[in-house]
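Bear in mind the structure is a predicted one, so any value in this text is a computation, not a measurement. Values below: all heavy atoms of this structure, side chains included; hydrogens, waters and symmetry mates excluded.
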Amino acid sequence: MDYTNCTLCPRQCGVDRTAGFLGFCRCPDTALVAKTMLHKWEEPVLAGSGGSGAVFFGGCTMGCRFCQNRAISAAPTGNPVDSGVLRKMMEDLIAQGAENIDLVTPTQFLPTILPALEKPLGVPVVFNSGGYERPETVRALAGKIDIYLPDMKYADNALAARLSGASDYFETAAAAIREMVRQTGPVSFRGDRLLRGTVIRHLILPGHIENSLRVLDWIGETFAPGEVLVSLMRQYTPMPGMSPPFDRRVTEEEYDAVLSWMYLNDLDGFTQEADAADVGFIPDFSNSHGEDGGQADDNMIK
């Protein structure tokens, strides 16, 4: 796994990033870290009392039009780091009390990240991504990742093409998530902290609850009860320039309909309160280090 003939993500651009060529993600061959922080807004089983030790990487392999992290993802932003510096960043977060190391949007920089994980860190390592991953790339992470935190954004590939330019999203993410669960096995805890397993996030999109129902159907049909956790998110926040219905938040009626379907599928996991859909919950990327100020309202369903 390296930056030459880059096929890290499903775009498989094949460019030589070491020679200065840029693919879909527009990222160089040097990892970019936009921010490190004690992130207390992750799911309670991850954030705990100390917060997740979040490492936000610049750039992204998806390019979602509604991305809340567009300040660092649209035009790859961050401080260039090598594996040694990245390791020190992780160790510093642990020294500050981080419950885990949360690698946020890391795929485009895996050749730098994996050497930093050669030695155990002493806390779980979380792979936090949009779910649009090559199963071959996920297989290369075996033994380095304790907790996978993928999105399953779309069951509707036409919607995926419209909003993320990924017309093969569903089948690609489905295969990747199955590999993630194969590696981690069922979720396992120490007290109320998740030690190992896969938590599948799904963000409800306004005007498209059918997409959400199909995503929940797939999870319920694919995994045994208790094998994975589901985080049902209502934090969609309209970004400037979005056309209807994406120019509004999710309604109470839309969220309740999807939540009911989650119950009907007998899925364990988390819900979000309506006030999570606020720009105040988007990390401040103007400073490269920091601690966020609060805990979003995630509530355990079972």
Side-chain angles (χ1 to χ4, degrees), residues 24-27 32-43 46-47 51-52 54-78 102-108 126-132 149-154 159-160 162-166 169 173 199-208 211-212 215 231-251 254-255 258 270-298:
F24 178 91
C25 69
R26 299 170 59 199
C27 290
L32 301 175
V33 173
K35 189 178 185 70
T36 62
M37 66 188 295
L38 294 177
H39 196 355
K40 297 182 179 180
W41 301 344
E42 301 288 47
E43 287 75 4
L46 295 175
S52 286
V55 182
F56 288 89
F57 292 94
C60 182
T61 60
M62 286 207 66
C64 301
R65 293 175 56 199
F66 53 85
C67 180
Q68 294 184 1
N69 292 353
R70 63 170 55 190
I72 63 171
S73 65
T77 302
D102 183 7
L103 305 173
V104 185
T105 319
T107 303
Q108 62 274 17
V126 182
F127 187 87
N128 182 342
S129 86
Y132 189 57
L149 187 59
D151 294 334
M152 177 50 104
K153 296 179 185 290
Y154 310 105
L159 187 61
R162 177 182 176 186
L163 295 179
S164 301
Y169 180 91
V199 180
I200 303 173
R201 285 176 165 174
H202 175 68
L203 177 67
I204 302 170
L205 297 172
H208 288 276
N211 175 65
S212 296
V215 165
S231 184
L232 188 62
M233 304 171 76
R234 66 190 303 174
Q235 68 188 51
Y236 178 88
T237 304
M239 293 290 109
M242 297 298 288
S243 59
F246 305 108
D247 58 347
R248 64 169 175 84
R249 295 188 173 102
V250 171
T251 67
E254 287 172 328
Y255 186 77
V258 179
F270 309 94
T271 65
Q272 276 188 328
E273 298 297 330
D275 59 7
D278 189 281
V279 293
F281 288 105
I282 300 175
D284 178 6
F285 293 111
S286 61
N287 297 311
S288 59
H289 304 284
E291 179 174 351
D292 60 26
Q295 171 76 49
D297 289 322
D298 289 287

Taking the side chain as everything from C-beta on, heavy atoms only, tell me whether Ser164 gets closer than 4.5 Å to Arg65. no
Which residues satisfy the side-chain contact (heavy atoms from CB on, under 4.5 Å) test with Arg248, sequence neighbours excluded? Pro206, Pro245, Thr251, Glu254
A side-chain contact here means heavy atoms from C-beta on lying under 4.5 Å apart; do Phe57 and Leu32 qualify? no
Kindly write out the residues that satisfy ring-ring contact (aromatic ring centres under 6.0 Å, His included) with Tyr169, not counting sequence neighbours, or none if the list is empty. Tyr132, Tyr154
Beyond-backbone contact of Ile72 with Lys35, side-chain heavy atoms, under 4.5 angstrom: no
Roughly how far, to the nearest 0.5 Å, is the OG atom of Ser129 from the CZ atom of Arg201? 10.0 Å
Not counting sequence neighbours, which residues clear ring-ring contact (aromatic ring centres under 6.0 Å, His included) with Phe24? List them please. none
Quick one: are Leu205 and Val250 in side-chain contact, heavy atoms under 4.5 Å? no
Please report the interatomic distance CD(Glu42) to CG(Asp102), rounded to the nearest 0.5 Å. 4.5 Å
Taking Ala75's backbone N and O only, do any of them form a donor-acceptor pair with Thr77's side chain (distance below 3.5 Å, no angle check)? yes
CD of Gln108 to SG of Cys25, rounded to nearest 0.5 Å, is 5.5 Å
Glu43 versus Ser231, side-chain donor and acceptor atoms under 3.5 Å: yes
Name the one of Met152, Lys153, Gln235 that satisfies side chain to side chain contact (heavy atoms under 4.5 Å, CB included) with Leu203? Gln235
Phe66 vs Phe246, side-chain contact (heavy atoms from CB on, under 4.5 Å): CA-CA, chis, key distance, verdict: CA-CA 8 Å; Phe66 53 85; Phe246 305 108; over 6 Å; no
Is a side-chain N or O of Gln272 found less than 3.5 angstrom from the main chain of Met233, in a donor-acceptor match? no
Between CG on residue Leu163 and CE on residue Met242, distance to nearest 0.5 Å: 5.5 Å
Under the criterion side-chain contact (heavy atoms from CB on, under 4.5 Å), I'd like the reasoning laid out for Leu232 against Ile204: C-alpha separation, chi angles, the key distance, then a yes or no. CA-CA 7 Å; Leu232 188 62; Ile204 302 170; 4.0 Å; yes
CG of Asp151 to CG of Asn128, rounded to nearest 0.5 Å, is 7.5 Å
With Cys60 as reference, evaluate Cys67, Pro76, Ser73 under the side chain to side chain contact (heavy atoms under 4.5 Å, CB included) test and give the passing residue. Ser73
Any chance you could measure Phe56, atom CZ, to His39, atom NE2, to the nearest 0.5 Å? 4.0 Å
Non-hydrogen atoms of Pro150 and Gly131 that approach each other most closely: CB-CA, 4.0 Å
Nearest heavy-atom neighbours spanning Ser212 and His202: OG-NE2, 2.7 Å
Is there side-chain contact between Thr271 and Tyr255, with at least one heavy-atom pair below 4.5 Å? yes
